[in-house]
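Report on the structure given below.
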Amino acid sequence: MTKQTAVAMSGGVDSCAAALLLQREGRQLLGLTLCLSDSGGADRAAADAAAAARQLGFPHQTLDMRQEFQAGVVAPFIAEYERGRTPNPCVGCNRTIKFGALLQVAQALGCGSLATGHYARVDHSSGRWLLRKAARLDKDQSYVLAMLTQEQLSRALFPLGGLSKEEVRAMASEAGLAAAQREDSQDICFIPDGDYGAFIRQHTGRDYPSGPFLHEDGTPLGRHRGIIDYTVGQRRGLGVSSNRGRLYVKEVRPGENTVVLSDNAGLFARTLEADGLNLIPCGRLDGPVRLWAKIRYRMAEQPCTAEQTGEDTLRLTFDQPQRAITPGQTVVLYDGDLVVGGARIVTSIPD
């Protein structure tokens, strides 16, 4: 082990425990913390990470990547909402920032690999780097890593992939790390209150005009506040009174500045089309393949048939209809514990 191993440190228990495990393996570590915003929370995270590195006895640096984060994560996030889509920024951040810009800096500093506190596993087989689910499925985070490339996976270390959260906290506590008591972060890191619409308006300085709510049969139902405030499957906050029972967002049409509503049954579809396909154990899917897939982070994968339709496009048909297939979200494909790949949902196709 002639090269150092970089550890991405947020100051939380997972990244600190990952560093502790690697140190016990005898690795020479360099702690790296990303400064992604001007918030006090970012300053506290950097201070906590630096304190943990000092306690464990390895060097630490805080890197100003606000510009890269704005260009690589925040700007695409806003652009997707303006197109009527609902992105998962964590997926993009892992590919463009953590295992993109940060990995490049780590390599320039003499580090051969980058470790994070994600709960997932990497191995090498048949000439390919493979991504697998965590051993403890209740903490599995392979979904948000499914867009990593072969080069990125070849440099990735996930020391916590075989552990439970309870084991990680106990290990950090026994080592006397203050991070053992920190609560897990929730939601999107740059929108801690979860009000995406307010964040986008404040960030862009733009006003997003009101437009019509339409029932899926074309009946006008009222006025929406602006398309950035809505996502497929949403029920709360619509402000629509109707004798049709509970209504949900079925579709956002930015070209018409229209939000289409339906009952719950109208949200279900079996087939989706996706682009930006990233395959991990192979270069291409040969013919229709039986797999399992999930269309959002917090759901169980479902049986499906996947077919690659172009260089980076995919058509996927579930055995059973799925609720609220949402454009912009990531669909991730699995074969047992193996992550086959991921892609961005473009549209769902009614039966």
Next item on the list: Assess whether side chain to side chain contact (heavy atoms under 4.5 Å, CB included) is satisfied between Q302 and Q322, documenting all intermediate values.
Entry: CA-CA 9 Å; Q302 302 295 316; Q322 301 298 306; 3.3 Å; yes
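- Here the side chains of K250 and L261 are not in contact, with every heavy-atom distance at 4.5 Å or above.
- Taken from OG1 in T258 to CD1 in I227, the straight-line distance is 9.5 Å, to the nearest 0.5 Å.
- The closest side-chain heavy-atom distance from Q181 to S173 is below 4.5 Å.
- Counting only N and O atoms by type, the side chains of H60 and T33 include a donor and acceptor under 3.5 Å apart.
- The two residues R225 and G237 come nearest to each other via the heavy atoms NH1-O, 2.9 Å.
- Listed here is the closest heavy atom pair of L277 and T313: CD2-O, 4.2 Å.
- Closest approach of P254 and V252 over heavy atoms only: CD-O, 3.3 Å.
- Note on L160 and V122: separate hydrophobic clusters, where clusters join Ile, Leu, Val, Met, Phe, Trp and Tyr whose side-chain heavy atoms are under 4.5 Å apart, directly or indirectly.
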Note to self: Checking D229 against R201 for the salt bridge (charged side-chain N to carboxylate O under 4.0 Å, His left out) test, could you report, in this order, the C-alpha distance in whole Å, the side-chain angles of both residues, the deciding distance, and whether it holds?
What the structure shows: CA-CA 10 Å; D229 291 308; R201 289 181 174 89; 2.7 Å; yes
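- The residues D319 and R270 are annotated as not salt-bridged, no charged nitrogen and carboxylate oxygen being separated by less than 4.0 angstrom.
- Minimum interatomic distance between L131 and A120 (heavy atoms only, all atoms of both residues): CD1-CB, 4.1 Å.
- I200 pairs in a side chain to side chain contact (heavy atoms under 4.5 Å, CB included) with only one of the listed residues (I78, I191, V74), which is I78.
- Of the possible donor and acceptor atoms, none in the side chain of R132 sits under 3.5 Å from a partner among the backbone N and O of G336.
- For R323 and N264, the side-chain atoms include at least one donor-acceptor pair closer than 3.5 Å.
- A donor atom on one side chain and an acceptor atom on the other are found under 3.5 Å apart for D14 and Y119.
- Residues L333 and V339 form no side-chain contact, since every pair of their non-hydrogen atoms from C-beta on lies 4.5 Å or further apart.
- Here E174 does not pair with R169 in a salt bridge; the nearest charged N to carboxylate O distance is not below 4.0 Å.
- In this structure, the ring-ring contact (aromatic ring centres under 6.0 Å, His included) partners of F190, at least two apart in sequence or on a different chain, are F69, F77, F199.
- Using a 4.5 Å cut-off between side-chain heavy atoms of Ile, Leu, Val, Met, Phe, Trp and Tyr, with links allowed through other members, V332 and M299 fall into different hydrophobic clusters.
- In this structure, L114 CG and F158 CZ are separated by 8.5 Å, a value rounded to the nearest 0.5 Å.
- Once rounded to the nearest 0.5 Å, the distance linking CG of L238 with NE2 of H224 reads 11.5 Å.
- Defined by atom type and a distance below 3.5 Å, a donor-acceptor pair is missing between the side-chain atoms of R315 and T309.
- Inspection of the T326 and R85 side chains reveals no N or O donor paired with an N or O acceptor under 3.5 Å.
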Side-chain donor-acceptor pairs under 3.5 Å in residues 143-151, sequence neighbours left out?
{"unit_1": "Y143", "atom_1": "OH", "unit_2": "T330", "atom_2": "O", "d": "2.5"}
{"unit_1": "T149", "atom_1": "OG1", "unit_2": "Q152", "atom_2": "N", "d": "3.2"}
{"unit_1": "T149", "atom_1": "OG1", "unit_2": "Q152", "atom_2": "OE1", "d": "3.4"}
{"unit_1": "Q150", "atom_1": "OE1", "unit_2": "W129", "atom_2": "N", "d": "2.7"}
{"unit_1": "Q150", "atom_1": "NE2", "unit_2": "W129", "atom_2": "O", "d": "2.8"}
{"unit_1": "Q150", "atom_1": "NE2", "unit_2": "I280", "atom_2": "O", "d": "3.0"}
{"unit_1": "E151", "atom_1": "OE2", "unit_2": "R155", "atom_2": "NE", "d": "3.4"}

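- Expressed to the nearest 0.5 Å, how far CD of Q308 lies from CG of L314 amounts to 7.5 Å.
- I97 places a side-chain heavy atom less than 4.5 Å from the side chain of L34.
- Rounded to the nearest 0.5 Å, atoms OG1 (T86) and CZ (R83) are 13.0 Å apart.
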Margin query: Show, in sequence, the C-alpha distance, side-chain angles and deciding distance for E167 and K139, and conclude whether the salt bridge (charged side-chain N to carboxylate O under 4.0 Å, His left out) test is met.
Written below: CA-CA 12 Å; E167 289 170 326; K139 288 300 296 181; over 6 Å; no
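- Between R244 and D217, at least one side-chain nitrogen of the basic residue sits less than 4.0 Å from a carboxylate oxygen of the acidic one, meeting the salt-bridge criterion.
- Atom CZ of residue R66 and atom SG of residue C35 lie 5.0 Å apart, to the nearest 0.5 angstrom.
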Next item on the list: Let me see the working for T271 and S348 under side chain to side chain contact (heavy atoms under 4.5 Å, CB included), right down to the final yes or no.
Entry: CA-CA 6 Å; T271 302; S348 61; over 6 Å; no
Notebook entry, point to check: Between R253 and V259, is a side chain to side chain contact (heavy atoms under 4.5 Å, CB included) present by the stated rule, with each step listed?
Noted result: CA-CA 6 Å; R253 298 175 179 171; V259 177; over 6 Å; no
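- For R246, the CZ atom counts as loosely surrounded, since its 6.0 Å shell holds 12 or fewer non-hydrogen atoms of other residues, nucleotides or ligands.
- Residues Y248 and I228 do not share a hydrophobic cluster, defined by chaining ILVMFWY side chains whose heavy atoms lie under 4.5 Å apart.
- The main-chain N or O of G92 is found under 3.5 Å from a side-chain atom of T96 such that the two form a donor-acceptor pair.
- For K133 and D140, the salt-bridge test fails: no basic side-chain N is under 4.0 Å from an acidic carboxylate O.
- Both V289 and V331 are members of a single hydrophobic cluster when ILVMFWY side chains are connected at heavy-atom separations under 4.5 Å.
- Within 6.0 Å of atom NZ in K294, more than 12 heavy atoms from other residues, nucleotides or ligands are found, so the atom counts as buried in its surroundings.
- With a 4.5 Å cut-off on side-chain heavy atoms, L56 and L177 count as touching.
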Next item on the list: Report the C-alpha distance between Q61 and L109 in whole Å, list the side-chain angles of each, state the deciding distance to 0.1 Å, and finish with yes or no for side chain to side chain contact (heavy atoms under 4.5 Å, CB included).
Entry: CA-CA 11 Å; Q61 294 184 30; L109 292 172; 4.0 Å; yes
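- In this structure, the side chains of F58 and Q23 come closer than 4.5 Å at one or more pairs of heavy atoms.
- In terms of heavy-atom proximity, R344 sits nearest to G328 at CG-O, 3.8 Å.
- Looking at heavy atoms from C-beta onward, C304 lies out of side-chain contact with W292 at the 4.5 angstrom threshold.
- Proximity of a side-chain donor or acceptor of N257 to a complementary backbone N or O of S210 within less than 3.5 Å is detected.
- Here the side chains of E273 and I345 are not in contact, with every heavy-atom distance at 4.5 Å or above.
- The two residues R284 and G310 have their closest heavy-atom pair at NH1-O, 3.5 Å.
- Residue F268 is not grouped with residue L316 when hydrophobic side chains (ILVMFWY) are merged at heavy-atom distances under 4.5 angstrom, including chains of intermediate members.
- Between the side chains of T231 and Y81, not a single donor N or O lies within less than 3.5 Å of an accepting N or O.
- A donor-acceptor contact closer than 3.5 angstrom links the side chains of E82 and Y208.
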